**Student:** 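One structure follows; several queries about it will come next.
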Amino acid sequence: METEKIGIREFRENLAGYLESGKPLAITRHGETLGFYIPAQKRSRKAEVEAMRAAAKDLDAMIATWGASEDELMEEYKEIRKSSREKKRNAK
C-alpha cells in the first residue's frame with residue numbers, strides 16, 4: 001500500500017476525517033516529509049459499546065458511593081463549565 005502525501009495544513013483542517021479513514025499518511029510541509037500518521041487498529045463497534053457500558057456501570061457505582069443525586073451532579077457540572085468559560089474569557 002502506497003502512503004498518501006498530504007500537507008500539514010490540509011491534515012490539520014481535515015484531521016477528523018483522516019483519523020477515521022484508517023489510511024497511513026505522510027505529512028509534508030513545503031514538499032518535505034515531516035512525519036507519518038499510522039493509524040492504530042480499530043476496535044470493533046461491539047467492543048466499543050461494551051467498554052462504554054462498563055464505564056457507565058463503574059460511574060454509577062462511584063456516584064452511589066458519593067450519595068449525590070443526579071440533579072446535584074448536574075448543578076455541580078454546570079458550575080464547573082461556567083467557571084471554565086469565565087476563566088477563558090478573562091484570559092483573553
Side-chain angles (χ1 to χ4, degrees):
M1 173 188 277
E2 188 169 321
T3 304
E4 179 183 350
K5 290 185 177 188
I6 62 162
I8 189 141
R9 185 172 290 153
E10 179 184 343
F11 181 69
R12 186 175 52 236
E13 289 172 0
N14 301 299
L15 182 62
Y18 285 120
L19 296 179
E20 286 296 316
S21 74
K23 295 188 307 186
L25 303 168
I27 313 301
T28 64
R29 181 175 17 177
H30 304 294
E32 292 188 34
T33 301
L34 297 174
F36 296 91
Y37 165 70
I38 301 169
Q41 186 175 9
K42 290 185 176 181
R43 293 176 14 173
S44 73
R45 178 84 172 128
K46 184 178 179 181
E48 289 177 353
V49 170
E50 288 303 318
M52 291 297 288
R53 284 187 179 135
K57 185 177 178 181
D58 290 344
L59 182 59
D60 285 344
M62 287 184 344
I63 291 170
T65 62
W66 296 337
S69 71
E70 288 180 23
D71 291 335
E72 290 171 321
L73 292 172
M74 283 305 298
E75 286 304 315
E76 185 173 341
Y77 173 75
K78 288 176 185 177
E79 287 298 318
I80 291 169
R81 293 286 297 154
K82 182 179 176 183
S83 174
S84 176
R85 284 191 301 271
E86 288 174 0
K87 284 180 185 176
K88 286 181 184 178
R89 270 190 235 123
N90 293 335
K92 292 181 181 180

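All values reported here derive from a predicted model rather than from experimental measurement.
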**Student:** Please list, chain by chain and in numerical order, all residues satisfying side chain to side chain contact (heavy atoms under 4.5 Å, CB included) with Lys78, sequence neighbours excluded.
**Tutor:** Met74, Glu75
**Student:** For Arg85, is the CZ atom crowded, meaning more than 12 foreign heavy atoms sit under 6.0 Å from it?
**Tutor:**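 Counting neighbours around CZ of Arg85, more than 12 heavy atoms of other residues, nucleotides or ligands fall under 6.0 Å, so yes.
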**Student:** What residues, two or more places apart in sequence or in another chain, satisfy salt bridge (charged side-chain N to carboxylate O under 4.0 Å, His left out) together with Arg9?
**Tutor:**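 Scan of Arg9 (salt bridge (charged side-chain N to carboxylate O under 4.0 Å, His left out), adjacent residues dropped) gives none.
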**Student:** What do you reckon, is CD of Glu70 surrounded by more than 12 foreign heavy atoms closer than 6.0 Å?
**Tutor:** no
**Student:** Mind checking whether Phe36 and Leu25 have side chains closer than 4.5 Å, heavy atoms only?
**Tutor:**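 No, their side chains stay 4.5 Å or more apart.
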**Student:** State, yes or no, whether a side-chain contact exists between Tyr18 and Glu10 at a heavy-atom distance under 4.5 Å.
**Tutor:** yes
**Student:** Can you tell me how far CD1 of Ile27 sits from CZ of Arg12, rounded to the nearest 0.5 angstrom?
**Tutor:**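 Output value for this atom pair is 11.0 Å.
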**Student:** By the salt bridge (charged side-chain N to carboxylate O under 4.0 Å, His left out) test, which pairs, at least two apart or in different chains, include something from residues 52-62?
**Tutor:**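 Those involving residues 52-62 are Glu50-Arg53.
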**Student:** Kindly compute the distance separating OG (Ser83) from NZ (Lys88), expressed to the nearest 0.5 Å.
**Tutor:**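 One gets 11.0 Å once the value is rounded to the nearest 0.5 Å.
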**Student:** Output the distance between atom CD1 (Ile8) and atom NE2 (His30), rounded to the nearest 0.5 Å.
**Tutor:**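 Separation between the atoms: 10.0 Å.
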**Student:** Mind listing the closest non-hydrogen atom pair of Gly67 and Glu72 along with its distance?
**Tutor:** O-OE1, 4.2 Å
**Student:** Atom CH2 of Trp66 and atom CD of Glu76: how far apart are they, to the nearest 0.5 Å?
**Tutor:**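 Output value for this atom pair is 8.0 Å.
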**Student:** Ignoring hydrogens, what is the shortest heavy-atom contact between Thr33 and Ala26? Give both atom names and the distance.
**Tutor:** CG2-CB, 4.3 Å
**Student:** So, Thr28 side chain and Ile6 main chain: donor-acceptor pair closer than 3.5 Å or not?
**Tutor:**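 Yes, because the side chain of Thr28 sits within donor-acceptor range (under 3.5 Å) of the backbone of Ile6.
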